[in-house]
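This report refers to the structure that appears directly beneath it.
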There are 2 protein chains.
Amino acid sequence: MALDDTHDPKRKSWIETANAAGAEFPLQNLPLGVFRRKGSGEAPRGGVAIGDRILDLASAHRARLLSGDAAQAAEAASGPTLNRLMGMGNGASRALRRALSEALGAEAASRRSAVEPHLVAMRDAEMTLPCEIGDFSDFFSSIHHATNAGRSLRPDNPLAANFKYIPVAYHSRASSVVADGAPVRRPHGQIKPGSSEAPIHSACRALDCEVELGFYIGAGNALGTSIPIDQAEDRIFGFCLLNDWSARDIQGWESTPLGPFLGKSFCTTVSPWIVTLAAMEPFRCADYARAAGDPAPLPYLTAKTEGGFDIAIEALISTPKQRQAGGTPMRFALCNARNGYWTVAQMVTHHTVNGCNLRPGDLFGTGTLSGPEAGTLGCLLEITKRGSEAMTLANGEERRWLEDGDEITFRARAEKPGHVGIGFGQCGGRIEPATA
Amino acid sequence: MALDDTHDPKRKSWIETANAAGAEFPLQNLPLGVFRRKGSGEAPRGGVAIGDRILDLASAHRARLLSGDAAQAAEAASGPTLNRLMGMGNGASRALRRALSEALGAEAASRRSAVEPHLVAMRDAEMTLPCEIGDFSDFFSSIHHATNAGRSLRPDNPLAANFKYIPVAYHSRASSVVADGAPVRRPHGQIKPGSSEAPIHSACRALDCEVELGFYIGAGNALGTSIPIDQAEDRIFGFCLLNDWSARDIQGWESTPLGPFLGKSFCTTVSPWIVTLAAMEPFRCADYARAAGDPAPLPYLTAKTEGGFDIAIEALISTPKQRQAGGTPMRFALCNARNGYWTVAQMVTHHTVNGCNLRPGDLFGTGTLSGPEAGTLGCLLEITKRGSEAMTLANGEERRWLEDGDEITFRARAEKPGHVGIGFGQCGGRIEPATA
């Protein structure tokens, strides 16, 4: 889609916090989520983030604040999930974006009194998952991550032969996807310590996180049909941050021959705001630069336009010791969505090449978005070389794997000269001890 | 649970077709499903199979045919999915079973006029999926299948080191699970023929089926908790037949390192009737006999009682040529649920050992239930040694893999001396040509 007035960097909102330098939710973002007032017992409903406020789509719709397609979109977002809005296709969410961009724009300050009753302060709200996730598919799109992860298993040939042809993925678990802030219980499972002849049942000793971008499907496809590459992006409703928590010891022992299972399914955390594809439009970038000699994608994966997005994602850790000392969370990784060898459009098209049906609200993960350099590696497996070298934090503490009480938070920002940068909110969770 | 009056082999129904020798749905079975009258445009609702009829639970409930817990169960089964009934726990479905066993029993012939208006002839009904499937997990529980499948990849060491310790599984795709009779479109995908340097985009050339038992979760567990082995069976609502259609060429090329993905996700067929755990009770058998020297299961997987079930599952093929000649479908495999090295209870407990939450309606597959001998192998990969030796059908045709127009049907029966045997209905689908 083309840029339009909703992307105009000169436009501001009459909600002043949306105009602050570095604001996550300026007028140009308008991400969607599901919220309710904290402790209210209210039914969750759709909302749009603007500055430090949430526009309540259900009450705005009831008050007839919107009309036409935007009103239909708001109505579809008035329930406890956004699936119905997602299923309407991106035309619906774009109509809503245009209408809200206008109603919240500084030039519409006269509408302030009509809109203000529908605003809720973010600090008074709690966010839930934005939709029912039918299926969750997790990809493996960074060549750096794939190479680093493969190195300890296949030192001479770390990258599998299919990597440069296939956006490799596995089905993951939908039931255990949680929103920012939910506790992450250290899992039990079967592990096989190197010193042991047989496996043991134990709490995980190699707990890890993975920096990923997530994205939700909007309009899907019928079983038996495929989504051509040049229609693929339009089936993406929007983006979030995703932490694919991983129990490396459980994963290592269980994964032959069918892949990761319980090493992943204990928890996946997502940021609750969905940044729409429309909001991401200014932050397109070239696809990952394939090395000379790399094969071209097969025709069904060859797009006419570039499909990369420049989104910087930082991973922060806060430890019990650091919190006690009153310190601030410490950054240990800075990844970027453009590190994906495969684009989100290629993931969508590949997923449906066999006729597999995608449904509104299906979640995709990009896989760990590691870059080539130190500081850009998106999981401890890579940073500590599978636990063999400790990572030293800013406060002098060391980590090979995550410890109980550690809190991991991802934050992200898309920026480009001449555009208003946008944020993603946060994707965080604290490790709780394994059950006795 | 103990056997009760609902299992009494002397009891008959006033619906005569339920009493026929070899009937699939005698009074002792009473499986649940979701149906509507063919071409009626009616809302689908829960029903119970008895002989050649379906008792409409929605209309029976509206007419106050049932009372107490059974009425609550019928009410929960009156909508288009059985998820709500499943979530009530197996006490609810057992109460319904007891009430229906009584109402449909020969000794209750006086109730015939009250019940009969709620019966629909099976031939007039179409069945849908019985529930919304949140997540679908497919296991790998037959040691014969695991050994045969591993042989071509790891000839010297076909069985992975974890097999005898872990009920190995992978997440599969929930969106593409369909009920008996739905067409199965031959998938496209990336395949890498042996003669080719690079992969190609092609219709699948190695299409296969897999004979499995499926089972649905009833009451689930909260995220972060586990289901102890001695409570695991009670979380199983009931059983169905499952065909895990497989594109071996797509699967072979894509599966390193994260396991099967598009080689499976194009379609999975289930039989639409759910045979409850209560109905299966008489057909318990000893667990799979582990070989001398095999390790004992770890304590968390060690049950106090035997958890095997004796269910014979036959796989039939009908080909275009055979149908043209007016022949009947030809059996090419006879598997048994007792071929699982791991029990269904062990699968449930292992799945939750890491705190993964199961939800009502989640589907599990046992994996291909191959036995040790010729004739008991549950997929063409095994029967034809990965396509290297043709399988000769009863009419003289040969198959290495499935061809367009082939129809595969699974049927199953549990029998035991002194008990009335029960059937599962059918799980079938015909291969349609790949899209152009």
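The sequence lines fix the lettering, A, B, ..., with proteins before strands; numbering per chain opens at 1.
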So which residue, A:Arg359, A:Gln190, A:Arg173, A:His350, ends up with the most heavy-atom pairs under 4.5 Å with chain B? A:Arg173
Given heavy-atom pairs under 4.5 angstrom as the criterion, report whether the side chain, backbone, both or neither of A:Ala161 touches chain B. both
Quick one: which of B:Ala160, B:Gly355, B:Ala169 has the most heavy-atom pairs under 4.5 Å with chain A, could you say? B:Ala169
Between B:Ala198 and chain A, which part of the residue has a heavy atom less than 4.5 Å away: side chain, backbone, both or neither? both
Heavy-atom pairs under 4.5 Å with chain B are the metric here; pick the option from A:Asp362, A:Leu358, A:Asn357 that has the most. A:Asn357
Tell me if the aromatic rings of B:Phe364 and B:Phe139 count as close, with their centers under 6.0 Å from one another. yes
Checking heavy atoms, do the side chain of B:Thr435, its backbone, both or neither come under 4.5 Å from chain A? side chain
So for A:Pro295, is it side chain, backbone, both, or neither that comes closer than 4.5 Å to the heavy atoms of chain B? neither
Is B:Tyr170 close to A:Tyr170 at the side-chain level, that is, under 4.5 Å between some pair of heavy atoms? no
Strictly by modelled atom types, are B:Lys264 and B:Ser172 linked by a side-chain donor-acceptor pair under 3.5 Å? no
If you tally heavy-atom pairs under 4.5 Å against chain B, which of A:Gly134, A:Pro260, A:Cys267 wins? A:Pro260
Would you check if there is a donor-acceptor pair between the side chains of B:Asn354 and A:Ser265 at a distance under 3.5 Å? yes
Which one, B:Ser175, B:Cys356, B:Pro299, leads in non-hydrogen pairs under 4.5 Å with chain A? B:Ser175
Among A:His351, A:Glu254, A:Glu432, A:Lys192, who wins on heavy-atom pairs under 4.5 Å with chain B? A:His351
Does either side chain, that of B:His145 or that of B:Glu382, offer a donor lying less than 3.5 Å from an acceptor on the other one? yes
Contact between B:Arg186 and B:Pro433 at the side-chain level, heavy atoms closer than 4.5 Å - yes or no? no
Who among A:Glu132, A:Arg185, A:His188, A:Arg154 has the most heavy-atom pairs with chain B under 4.5 Å? A:His188
Looking at A:Ser141 and A:Thr366, would you say the former's side chain and the latter's main chain have a donor-acceptor pair under 3.5 Å? yes
When heavy-atom pairs shorter than 4.5 Å are enumerated against chain A, which of B:Ser176, B:Pro187, B:Pro199, B:Gly189 gives the highest number? B:Pro199
Considering non-hydrogen atoms only, spot the tightest contact between A:Ala296 and A:Arg290 and give its length. C-NH1, 4.0 Å
Considering only heavy atoms, which portion of B:Leu298 lies under 4.5 Å from any heavy atom of chain A: side chain, backbone, both, or neither? side chain
Please identify, among A:Ile200, A:Thr256, A:Leu301, the residue contributing the most non-hydrogen atom pairs under 4.5 Å to chain B. A:Thr256
Less than 6.0 angstrom separating the ring centers of B:His171 and A:Phe261, yes or no? yes
Measure across B:Ile217 and B:Ala219 and return the closest heavy-atom pair with its distance rounded to 0.1 Å. CG2-O, 3.8 Å
If you tally heavy-atom pairs under 4.5 Å against chain A, which of B:Ala434, B:Pro183, B:Gly263, B:Gly259 wins? B:Gly259
Within 45° cone and under 6.0 Å: B:Arg430 NZ/CZ vs B:Trp245 ring: no
B:Leu223, part contacting chain A, at a heavy-atom distance under 4.5 Å: side chain
Let's test your reading of the structure: which of B:Val168, B:Ile133, B:Val184, B:Asp138 forms the most heavy-atom pairs below 4.5 Å with chain A? B:Val168
